[in-house]
Amino acid sequence: MARIPHGRLATYGQIADLIGAFGCARRVGWALRRLKLPSTIPWHRVVNTQGRISMSLSREGSDWIQRDLLIAEGIPVDAEGRLPLRQFLWHPDAHAGD
DNA sequence: CATTTGACGCTCT
DNA sequence: TAGAGCGCCAAAT
């Protein structure tokens, strides 16, 4: 997840696939949930495949913090949490160096 | 030990 | 394009 470039987005499934946990997108979200903020890793660059921030009451506002952080990185986010995923989606194997 | 839940994703309508 | 249903698996209860 730390490999995600500034101003780029990745999906939960993408991260799961990247670490070999194919199809285990929910577990990525589970891991992020128990993340303590602030964190050194760019957790805010991870959204769902629908191109939306996963809003949840259990996040206690971290979802809105995520929206703010993304906007700060130049990614326009809708009031409903929707964003142009296709345009900012990160391609992990683009450089194939890591 | 049985159930419910969750920062997901795919398929069908 | 939007909404509903189902599978997924570890944690929490």
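In what follows, every chain begins at residue 1, and chains take the letters A, B, ... in the order their sequences are listed.
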Give a yes or no on whether the backbone of A/Ser54 and the side-chain of A/Arg59 come within a donor-acceptor separation of less than 3.5 Å. yes
Residues in contact with DNA chain B, drawn from residues 70-78 of chain A - heavy-atom cutoff 4.0 Å: none
Honestly curious: do A/Trp43 and A/Tyr12 fall in one hydrophobic cluster under the side-chain, below-4.5 Å linking rule? yes
Keeping the roles fixed (side chain from A/Arg45, backbone from A/Ile4), state whether a donor-acceptor pair exists under 3.5 Å. yes
Using modelled atom types only, decide if a donor and an acceptor are shared between the side chain of A/Arg67 and the backbone of A/Asp78 within a distance under 3.5 Å. yes
Hey, which of A/Val28, A/Leu85, A/Asp17 is the one that makes side chain to side chain contact (heavy atoms under 4.5 Å, CB included) with A/Thr11? A/Leu85
Does the A/Gln14 side chain pair with the main chain of A/Trp90, one donor and one acceptor, at a distance under 3.5 Å? yes
Do A/Asp63 side-chain atoms and A/Ser56 backbone N/O form a donor-acceptor pair below 3.5 Å? yes
What string of B, S and - do you get for nucleotides 6-13 of chain B, 5' to 3', when a contact is any protein heavy atom under 4.0 Å? BBBSS---
